[in-house]
Participant: 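Below you'll find the structure I mean.
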Amino acid sequence: MATSSSSSTTITTTPITPSIPLLPTTGTFSIASLEKHCTKICSSNIISSIAILSTLAKNKNIVQIQKNMKVGSKESIEFMNKAANHTLHMNYVSLSGLKFVITNVNEKFYLGRSCLTSLKQGIIIWKFDRFLLVAIYSDPISPVEAVSFLDTYIAEHMS
């Protein structure tokens with residue numbers, strides 16, 4: 001906290017630390033229960049790949065769970081830094097060797113498409129208070145269908 005004072009005015013400033021505006025989860029999630037949810041989500045034929053990235057972990061253990069994707073530690077650190085600084089939508093995001101551009105920002109999630117139009121994939125980054133759920137879907141699944149599926153699944157099983 002810094003304080004500046006002139007003859008009649010006192011200004012107090014507090015440094016701002018970026019945080020991720022995340023939705024609280026009412027349940028407690030163990031790695032085993034998250035693993036079970038990720039397996040169910042991937043077996044839906046709507047979401048093809050999923051990862052859980054911890055918002056509490058330090059640089060080494062950000063990636064908690066991966067299904068059908070391989071997220072490197074450097075990639076996950078860069079991804080989480082963008083999430084913490086609210087800059088995921090300002091440039092492409094790289095995850096599992098793929099690049100995505102974020103097209104929609106919502107209070108619950110980010111939505112994006114692959115930078116390579118030939119891949120026809122999309123990404124959904126769902127925000128929780130202790131982790132980010134990152135899901136990749138492929139055509140013919142539409143963004144609306146993928147978001148609707150995740151929204152329903154999260155409401156029924158993870159809230």
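This is a predicted model, so every value here is computed, not measured.
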Participant: Under 3.5 Å, side chain of Ser30 to main-chain N/O of Ser33, donor-acceptor pair present?
Facilitator: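 Side chain of Ser30 to backbone of Ser33, a donor-acceptor pair under 3.5 Å: yes, one is there.
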Participant: If I compare all heavy atoms of Ser96 with all of Glu75, which pair ends up nearest, and what's the gap?
Facilitator: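 Heavy-atom minimum between the residues: N-OE1, 2.9 Å.
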Participant: Does any part of the side chain of Lys99, heavy atoms only, come nearer than 4.5 Å to the side chain of Val93, both counted from C-beta?
Facilitator: no
Participant: Between Leu133 and Ile41, is there a side-chain heavy-atom distance shorter than 4.5 Å?
Facilitator: yes
Participant: Same cluster or not: Val101 versus Ile141, using hydrophobic residues (I, L, V, M, F, W, Y) connected whenever any side-chain heavy atoms lie under 4.5 Å apart?
Facilitator: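 Different clusters.
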Participant: What distance separates Ser114 OG from Asp139 CG, expressed to the nearest 0.5 Å?
Facilitator: 10.0 Å
Participant: Heavy-atom distance under 4.5 Å between the side chains of Leu34 and Phe131, does that happen here?
Facilitator: yes
Participant: Return yes if some donor-acceptor pair links the side-chain N/O of Gln66 with the main-chain N/O of Val71 below 3.5 Å, else return no.
Facilitator: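 Yes: the side chain of Gln66 pairs with the backbone of Val71.
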Participant: Salt bridge or not for Lys127 and Glu107, using N-O below 4.0 Å?
Facilitator: no
Participant: Run the side-chain contact (heavy atoms from CB on, under 4.5 Å) check on Cys42 and Asn68 step by step: do they pass?
Facilitator: CA-CA 8 Å; Cys42 273; Asn68 303 331; 4.1 Å; yes
Participant: Would you please classify the geometry between the Tyr153 ring and the His37 ring as parallel, tilted or perpendicular, with 30° and 60° separating the classes?
Facilitator: perpendicular
Participant: In Å and rounded to the nearest 0.5 Å, what is the CD1 to CZ distance from Ile124 to Phe109?
Facilitator: 7.0 Å
Participant: Minimum heavy-atom separation for Tyr137 to Ile47, with atom names?
Facilitator: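 For Tyr137 versus Ile47, the nearest heavy atoms are CB-CD1, 4.3 Å.
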Participant: To the nearest 0.5 Å, what is the distance between CZ on Phe128 and OG1 on Thr55?
Facilitator: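 It comes to 11.0 Å.
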Participant: Quick one: CZ on Arg130 to CD1 on Ile52, what's the gap to the nearest 0.5 Å?
Facilitator: 11.5 Å
Participant: With Lys82 as the cation and Tyr92 as the aromatic partner, state whether NZ or CZ is under 6.0 Å from the six-membered ring centre and within 45° of the axis.
Facilitator: yes
Participant: With heavy-atom distances below 4.5 Å as the criterion, would you say the side chains of Trp126 and Val147 are in contact?
Facilitator: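 In short, these two side chains touch, coming nearer than 4.5 Å.
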Participant: List the atom of Leu95, the atom of Phe100, and the distance in Å for their closest heavy-atom pair.
Facilitator: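 Smallest interatomic distance, heavy atoms only, reads O-CE1, 4.3 Å.
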Participant: For Met69 and Val134, which heavy atoms make the closest approach, and how far apart are they?
Facilitator: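 Taking every non-hydrogen atom into account, CE-O, 4.2 Å.
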Participant: Quick one: do Lys67 and Thr39 satisfy side chain to side chain donor-acceptor pair (under 3.5 Å)? Show the steps, please.
Facilitator: CA-CA 7 Å; Lys67 295 279 183 195; Thr39 300; 3.2 Å; yes
Participant: Nearest 0.5 Å, please: how far is CD1 in Ile123 from CD1 in Ile136?
Facilitator: 5.0 Å
Participant: If we only count heavy atoms from C-beta on, is the Ile102 to Leu111 side-chain gap below 4.5 Å?
Facilitator: no
Participant: Looking at Gln121, is its backbone amide N or carbonyl O close enough to the side chain of Ser138 to form a donor-acceptor pair, meaning the two atoms are under 3.5 Å apart?
Facilitator: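 No, Ser138 side chain to Gln121 backbone: no donor-acceptor pair under 3.5 Å.
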Participant: If only atom types and distance count, is the side chain of Asn85 paired as donor or acceptor with the main-chain N or O of Thr87 below 3.5 Å?
Facilitator: no
Participant: For Glu145, is there any backbone N or O sitting under 3.5 Å from a side-chain donor or acceptor partner on Ser148?
Facilitator: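 No, because the side chain of Ser148 does not come within donor-acceptor range (under 3.5 Å) of the backbone of Glu145.
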Participant: Could you state the interatomic distance from CD1 (Ile50) to SG (Cys38), rounded to the nearest 0.5 Å?
Facilitator: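 Ile50 CD1 to Cys38 SG: 4.0 Å, rounded to 0.5 Å.
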